[in-house]
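A short write-up of the structure that comes next.
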Protein chains: 2
Amino acid sequence: MAEREIRRNMPLFQIGTVMQLTDLTARQIRYYEEHDLISPARTEGKRRLFSLNDIDTLLDIKDLIDQGVNLAGIKGIFNVKVQQVLTSEGKQETEKIRRDISNEDLRKALRTELLQAGRFNRSSLRQGDMSRFFH
Amino acid sequence: MAEREIRRNMPLFQIGTVMQLTDLTARQIRYYEEHDLISPARTEGKRRLFSLNDIDTLLDIKDLIDQGVNLAGIKGIFNVKVQQVLTSEGKQETEKIRRDISNEDLRKALRTELLQAGRFNRSSLRQGDMSRFFH
DNA sequence: AAAATCATGTAAGAAAACCTAACATCTGTT
DNA sequence: AACAGATGTTAGGTTTTCTTACATGATTTT
């Protein structure tokens, strides 16, 4: 379980990849970082490296912005969530709040849709075949 | 199910990331591509973009090289596997061959070990907290 | 309504990361 | 010894990303 969290927090993706996965501009992504909504790691050369969690957060931000929420609101929502985990011990409550903010299913659908969008569908046939052997 | 395959074939990672995940040098990775063991996609600017399947394949190559198999041998093994899926319909047999070539558990362990190695452990605390909400 | 603020676009110049091609080097084989 | 396989290294060029600064349209505040 902790293993999964580690994986989701691994800094793996350059900003170009994140742009395509989230459909956000570099300007937007950097702006959101500037306002502490994400904190991507850096290479030695100071290039940003994003994790899967970062991408999730960016997709959530995108969701909320599409719903008309401004950055202050988003920040507030995120803080509420953090607050929640700090003050309450039960998972039920946070789960409920999570649902209040945005529909989980819709979010998931949007994410996978985005993840499959654009040029990411064409991949080498050889690899496609190999994938049958390496589960 | 096809969804997972698509995800595993998405070109996402730059060579620098792959180097760290696999512990191979850029020279090695390009050499293996030159010999058709992998076929990473390219950005418009001709930079390589690797998929999870590419990384899996590279880890397998590394495995086999550590066992003393040379590229010709690896190529042969990969061809046998492809052959197998083309000629036989059952999954049992391919499964068996898979096991003959290298121990699945060992391979898995090695992969996760590599995936957690090096600088990939330090990740932002904020994100770590957020990950509890975005499963 | 004017001024300020928010969110994003755009441009410039610099630095990092990656590219190909070529040659060097080590190791094992013929 | 000569050769082939696998990898290291170097060089010059290109792509991608970086920061900083200024521009702009849309809202909000005064």
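A quick note: this is a predicted structure, and the numbers were derived from the prediction, not measured. Numbered from 1 within each chain, the chains take letters A, B, ... in sequence-line order.
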(message) With a 6.0 Å cut-off (strictly less than), is the heavy-atom count around CD of A:E34, excluding the residue itself, greater than 12?
(response)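 Counting other residues, nucleotides and ligands, CD of A:E34 exceeds 12 neighbours.
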
(message) I'd like to check the ring-ring contact (aromatic ring centres under 6.0 Å, His included) partners of A:F13; sequence neighbours left out, ordered by chain and number.
(response) B:F13

(request) Answer with base, sugar-phosphate or nothing: what part of the nucleic acid does A:R30 contact at a heavy-atom distance below 4.0 Å? (result) base

(message) Strictly below 4.0 Å: does B:T43 bring a side-chain N or O up to OP1 or OP2 of D:dT16?
(response) yes

(message) OP1 or OP2 of C:dT10 versus the side-chain N and O atoms of A:R27: is any pair under 4.0 Å?
(response) no

(request) Please tell me which of A:E44 and A:I65 maps to the more 5' nucleotide of DNA chain C, matching each residue to the nucleotide holding its nearest heavy atom. (result)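 Its nucleotide being nearer the 5' end, the pick is A:I65.
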
(request) Take A:Q14 and A:N70, find for each the nucleotide of DNA chain C with the closest heavy atom, and name the residue whose nucleotide sits nearer the 5' end. (result) A:N70

Between [atom2] on [N] and [atom1] on [X], what's the gap in Å once rounded to a whole number?
X	N	atom1	atom2	answer
A:Q28	C:dG9	CD	C1'	10 Å
A:Y31	C:dT10	OH	P	17 Å
B:L37	D:dA6	CG	P	10 Å
A:F13	D:dT16	CZ	P	18 Å
B:K46	D:dT16	NZ	P	10 Å
A:K62	C:dA7	NZ	C1'	14 Å
A:L24	C:dA7	CG	P	14 Å
B:H35	D:dA4	NE2	P	14 Å

(message) Regarding A:E33 and A:R27, does a basic nitrogen lie under 4.0 Å from an acidic carboxylate oxygen?
(response) no

(message) Looking at B:R48 and B:D54, is there a salt bridge between them, counting it only when a charged N and a carboxylate O are closer than 4.0 Å?
(response) no

(message) Judged by each residue's nearest nucleotide on DNA chain D, which is more toward the 5′ side, B:Y32 or A:G45?
(response)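 Here B:Y32 is the residue nearer the 5' end.
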
(message) Heavy-atom nearest nucleotide on DNA chain D for A:A26 versus B:T25: which residue maps closer to 5'?
(response) B:T25

(request) Answer yes or no: is there a side-chain heavy-atom contact under 4.5 Å between B:L24 and B:M19? (result) no

(message) On the side chain of A:R47, is there an atom forming a donor-acceptor pair with the base of C:dA17 - under 3.5 Å, no angle test?
(response) no

